[in-house]
Amino acid sequence: MNKYLIDLLKENNTIIIPGLGALTVTNADTGELMFMSYLQHDDGKLSGFIAQKDGVDEQDAKNTIAKYVREINSELDKGETVDLYSLGSFVKENGEIEFTNWTGSMNTPSAESVEETPVVAEETVQDAQEILEEPVAEIPEDIIEN
């Protein structure tokens, strides 16, 4: 699944992981990502991408994503950290999922969490919709190779 996320982030600034949240590129030069837990509605981009890449039915791709999200939530509910290879890690604190963006290598998490617990206002949702419409950003090759 991580390969799909990395490949799709090359083509889109934002990926919605249905039932979990959205990853969005906030700095294309550094590969910095932000996690938005309130954007969970399935826009079909991830499942469509997986279906196209693997040559499977889109419903099968949606089932794969749902299983992936269940596994992440299960680990987070146990108090575990879930790593997304070369991107960052998820952890659940105070009942909220937080994402720590990694810089450099997979073994070096950034010093601060990218996401604070968001207060969702109508303006925030509108901002998120604008982000989804922005042009595609490139992820630096050193981020992808790690």
Side-chain angles (χ1 to χ4, degrees), residues 1-28 30-103 105-106 109-110 113-146:
M1 184 64 67
N2 292 335
K3 174 92 170 105
Y4 298 128
L5 296 175
I6 291 169
D7 288 348
L8 197 51
L9 278 170
K10 290 179 193 176
E11 299 176 14
N12 296 280
N13 280 342
T14 302
I15 300 172
I16 296 175
I17 305 169
L20 186 66
L23 290 171
T24 189
V25 177
T26 57
N27 185 327
T30 64
E32 185 176 351
L33 300 172
M34 176 176 65
F35 177 69
M36 297 173 287
S37 61
Y38 53 87
L39 281 177
Q40 297 184 9
H41 181 72
D42 188 1
D43 63 359
K45 286 183 183 177
L46 182 56
S47 58
F49 184 79
I50 293 170
Q52 177 188 14
K53 290 292 182 185
D54 285 355
V56 298
D57 181 76
E58 193 162 338
Q59 186 58 50
D60 289 339
K62 288 181 185 225
N63 292 340
T64 300
I65 295 165
K67 179 181 177 190
Y68 177 71
V69 170
R70 280 192 308 272
E71 290 170 356
I72 288 175
N73 282 322
S74 175
E75 291 301 308
L76 294 175
D77 288 342
K78 294 178 194 174
E80 300 291 327
T81 299
V82 177
D83 297 331
L84 295 181
Y85 178 74
S86 80
L87 298 175
S89 60
F90 290 108
V91 66
K92 189 177 265 189
E93 292 184 10
N94 300 321
E96 296 292 325
I97 298 174
E98 295 189 19
F99 179 76
T100 302
N101 191 69
W102 290 345
T103 55
S105 74
M106 187 170 141
S110 64
S113 176
V114 172
E115 183 207 27
E116 298 285 328
T117 302
V119 176
V120 180
E122 187 171 321
E123 296 83 21
T124 305
V125 172
Q126 289 172 346
D127 290 343
Q129 289 172 337
E130 289 172 10
I131 288 170
L132 291 172
E133 296 171 1
E134 288 180 7
V136 175
E138 292 293 322
I139 297 176
E141 289 298 320
D142 63 320
I143 299 290
I144 296 168
E145 292 174 3
N146 291 327

Set of residues satisfying side-chain hydrogen bond (donor to acceptor under 3.5 Å, both in side chains) with respect to Lys53, sequence neighbours excluded: none

Intermediate values then yes/no, side-chain contact (heavy atoms from CB on, under 4.5 Å), Leu84 and Leu23: CA-CA 11 Å; Leu84 295 181; Leu23 290 171; 4.0 Å; yes

Short side-chain to backbone donor-acceptor contact, Gln40 and Ser37, under 3.5 Å: yes

Closest non-hydrogen atom pair between Gly31 and Asn101, with its separation: O-OD1, 4.0 Å

From CA spacing to verdict: side-chain contact (heavy atoms from CB on, under 4.5 Å), Leu5, Ile17: CA-CA 9 Å; Leu5 296 175; Ile17 305 169; 4.2 Å; yes

Pro18 to Val69 - nearest heavy-atom pair and separation: O-CG2, 3.3 Å

Separation of Ile65 CD1 from Met1 CE (nearest 0.5 Å): 5.0 Å

Residues in side-chain hydrogen bond (donor to acceptor under 3.5 Å, both in side chains) contact with Asn73, at least two apart in sequence or another chain: none

Where at least one partner belongs to residues 54-63, residue pairs that pass salt bridge (charged side-chain N to carboxylate O under 4.0 Å, His left out), sequence neighbours excluded: Asp42-Lys62

From Leu9, Leu33, Asp7, residue fulfilling side-chain contact (heavy atoms from CB on, under 4.5 Å) relative to Ile15: Leu9

Within-4.5 Å side-chain heavy-atom neighbours: Asn2 and Tyr68: yes

Exam field: side chain Asp43 to backbone Lys45, donor-acceptor pair closer than 3.5 Å: yes

Chi angles and distances behind the side-chain contact (heavy atoms from CB on, under 4.5 Å) call for Leu76, Phe90: CA-CA 8 Å; Leu76 294 175; Phe90 290 108; 4.0 Å; yes

Side-chain donor or acceptor of Thr100 paired with backbone N/O of Gly88 under 3.5 Å: no

Counterpart residues, side-chain hydrogen bond (donor to acceptor under 3.5 Å, both in side chains), relative to Asn94 (two or more places apart): none

Counterpart residues, side-chain hydrogen bond (donor to acceptor under 3.5 Å, both in side chains), relative to Glu75 (two or more places apart): Lys78

Side-chain donor/acceptor of Thr26 to backbone N/O of Glu32, under 3.5 Å: yes

Which atom of Ala51 lies closest to which atom of Ala61, heavy atoms considered: N-CB, 4.0 Å

Check against side-chain contact (heavy atoms from CB on, under 4.5 Å), Leu46 and Leu8: CA-CA 8 Å; Leu46 182 56; Leu8 197 51; 3.9 Å; yes

Parallel, tilted or perpendicular: ring planes of Phe49 versus Tyr4, cut at 30 and 60 degrees: perpendicular

